[in-house]
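What follows is a short report on a single structure.
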Amino acid sequence: MALSIYNSLIREKQLFVPLHPGRVHMYVCGPTVYNDAHLGHGKTYVNFDVMVRYLRYLGYRVLYVQNITDVGHILDSGEDRILQGAQREQMQPMQLAEYYTRRYYRDMDRLNVLRPDITPRATGHVHEMIEWIEKLVESGHAYVADGSVYFDVSRFADYGKLSGRRLEEAQSGTRVQVADEKQSPEDFALWKKADPEHIMRWNSPWGEGFPGWHIECTVMSTKYLGHPFDIHGGGVENKFPHHECEIAQAEALDGTPFARNWVHNGMLMIRGEEMHKSLGNYITLEGAYERWDPMVIRFFILQSHYRGPLDMTEEAVDAAARGLDRLVGTVRALRKQAASAQEGEVSSDTSALLEGAREAFEAAMDDDFGTPGAIAALFDLSRAVNVRLSEVGALKQGDLDAIGSLFQSLAGDVLGVLPNEIATSQTAALSDRLIELLIETRRELRQAKAYELADRVRDRLSELGVQLQDGPQGTSWIVS
RNA sequence: GGCGACGUAGCCAAGUGGUUAAGGCAGGGGUCUGCAAAACCCCCACCGUCGGUUCGAGUCCGACCGUCGCCUCCA
């Protein structure tokens, strides 16, 4: 088996072959940092994070670039996002961008999203954008109009190849009035002249202004990843116009292909509706973390395929939480038993079990990053391991280590859904011994049939988050 | 209006032509237990509707119904 990826450009799954053997260059459209990240960002960046992790698991050296959009751009209302946010928060534009950039990474860190290798800021690449735009003007693919520069879509025959749109069709039904200086309604801005009150502005051959939205991704992706590069990702909602325009700008000059694989992930919905502030269902990650463990949200996201839409309901996330508990429970039990297991090598039974689990996991992931199937493989493994864990002496030290490291590799390193190792500080070691002491006391109470008192010990421990579990081999405990 | 996606059990969600339609949650029945929890075992779907292609379709084609996204700057 080998990895296949659905390529939006050709609309089918394709055996993945990187441009340079053993290396993958990947770009994903990052956030505009004018507000807190929401659950939709969570889905998108978890989806792409797992792709990066799996590619690395397969042995590729991945160079992962994700931009930070800190240039404002224009809203329908004619306002600039960053400017609007700066006014709202009483901050300077760059201060605002810095503030939300930090919060973005804080929120992503908690979701266990690995940071990209390079996180270029748009404001730091205005020079390169200007150079690129100049070349487009020189080659006749763009024109200057009243201090702004527009890409002439009619000069790029492939325009629409990603989104399946034709120019003739784009004419009707457009709901936004066309800027006067555009030659054609579908032409898009490469450079916008800055109004006097516009704070973020740069000098350019066309006067003071600021870059259009699409150009930053074209410039920054190719700067760090080459031209062409392997994978370009982003949300489906950006397929048109954003990604279509990126392609036009990148390929118009000399026909060099831009991204070889386009990967789009589906939208996150809240109870059947797209998330919108106006609908009152806008949920920031920070807000969601008050209700659920970030790891639960991550697990919930990965239980559906990245390309599909994901409808978020409380019921569904709660169900995912219980499912994740089950998986983590096995890992915890594994570690617990490892502390007292007999010495011994890995048995052939364990080896076969693990090999089968790994194969099932990889088969699912190889098929366009099928995380739901991969998770199913882990649940199957979990059940098989639980059976063995409950048989006294069935698993030797070697077995437990081997199983533990497979879980760590697949659930921990690739899917990123295992909580970090609990640090064994001195006080933690002490509390462990204190819990054992209480369990010992309770055992004696039970032997004396003092059940009321024994249950009280259990209940009080439960209140403290320590769950006792009586089994044939005595009582074990977990921290919930 | 144009482009596109999707409709699988109470809920979530895989499956892309072929023996018994993954997995999780919930539910039911058991094992274990002083009780409980956990764990384990068993049970729980004819795949939106109607046609068509095929020896054979959830899986391909068409129509219809329904939901959703995009159509100038939202991940």
Side-chain angles (χ1 to χ4, degrees), chain A residues 8 11 13 28-32 35 37-45 47-48 69 73-76 81 160 163-166 168-176 178-179 182 185-189 212-214 233-242 244-245 264-269 272-277 299-300 303-305 307-313 315-327 329-330 333 360 364 367 370-380 382-383 386-387 389-391 446 449 451 454-455 458-459 462 467-472 476 478:
Chain A
S8 303
R11 288 155 218 240
K13 279 183 209 164
V28 172
C29 292
T32 302
N35 225 329
H38 56 245
L39 283 167
H41 293 102
K43 168 165 161 52
T44 293
Y45 298 116
N47 285 152
F48 290 113
T69 297
H73 309 305
I74 304 293
L75 294 169
D76 285 349
R81 281 174 200 290
S163 58
R165 245 166 253 263
R166 298 220 158 64
E168 313 84 69
E169 290 164 352
Q171 303 277 3
S172 62
T174 308
R175 67 182 177 200
V176 171
V178 178
K182 280 196 198 178
E186 54 278 355
D187 291 347
F188 58 90
W213 178 40
H214 315 303
V236 274
E237 79 283 356
N238 281 330
K239 212 176 196 179
F240 185 89
H242 184 53
E244 197 71 71
C245 295
H264 290 99
N265 73 319
M267 305 282 285
L268 180 129
M269 327 252 286
E273 290 175 310
E274 195 189 348
M275 188 160 62
H276 267 309
K277 275 185 186 156
F299 184 73
F300 171 72
Q303 267 193 311
S304 72
H305 189 90
R307 259 192 300 128
L310 174 59
D311 191 14
M312 186 154 192
T313 62
E315 190 189 10
V317 183
D318 286 343
R322 277 177 235 118
L324 179 60
D325 262 350
R326 184 181 166 75
L327 230 41
T330 299
D367 184 8
T371 54
I375 288 171
L378 291 179
F379 276 117
D380 287 338
S382 179
R383 169 173 291 114
N386 285 338
V387 169
L389 279 171
S390 63
E391 291 171 32
R446 292 170 68 206
K449 302 230 188 294
Y451 292 126
D455 286 352
R458 183 175 62 194
D459 292 345
S462 172
Q467 299 294 328
L468 299 190
Q469 297 168 344
D470 295 331
S476 61
I478 58 167

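A, B, ... follow the sequence lines: proteins, then strands. Residue 1 opens every chain.
Ionic pairing of A:Arg322 and A:Asp325 is not present here: no N-O contact between side-chain nitrogen and carboxylate oxygen is shorter than 4.0 angstrom.
B:G4: Watson-Crick or G-U partner is B:C68, with both key distances under 3.5 Å. Within the shown strands, nothing qualifies as a pairing partner of B:A22 under the Watson-Crick or G-U definition with both distances less than 3.5 Å. Partner assigned to B:G27 is B:C43, using Watson-Crick or G-U wobble distances below 3.5 angstrom. Checking B:U54 for Watson-Crick or G-U wobble geometry (two distances, each under 3.5 Å) identifies no partner in any strand.
Checking B:A75, B:C70, B:C73 against the side-chain heavy atoms of A:Phe240 singles out B:C70 as nearest. Side-chain atoms of A:Met269 lie closest to B:C68 of the nucleotides B:C25, B:C68, B:U72.
Taking OG1 from A:Thr44 and NE2 from A:His264, the interatomic distance works out to 11.0 Å, rounded to the nearest 0.5 Å.
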Return the polar atom pairs (N/O with N/O) between nucleotides 4-15 of chain B and the protein under 3.5 Å, or none.
unit_1	atom_1	unit_2	atom_2	d
B:C11	O2'	A:Glu315	OE1	3.4
B:A14	OP1	A:His305	N	2.6

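Contact annotation for A:Tyr45: backbone-only contact, meaning every heavy-atom pair under 4.0 Å involves sugar-phosphate atoms and none involves a base. Contact annotation for A:Leu268: base contact, defined as any heavy-atom pair under 4.0 Å involving a base atom.
At least one side-chain heavy atom of A:Pro31 sits less than 4.5 Å from a side-chain heavy atom of A:Tyr45.
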Per-nucleotide protein contact string for nucleotides 29-42 of chain B, where B marks a base within reach and S marks sugar-phosphate only (heavy atoms under 4.0 Å, - for neither): -----BBBBSSSS-
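Between B:C32 and B:A26, the two C1' atoms lie 23 Å apart (nearest whole Å).
By the 30° and 60° cut-offs, the orientation of the rings of A:His214 relative to A:His242 is tilted.
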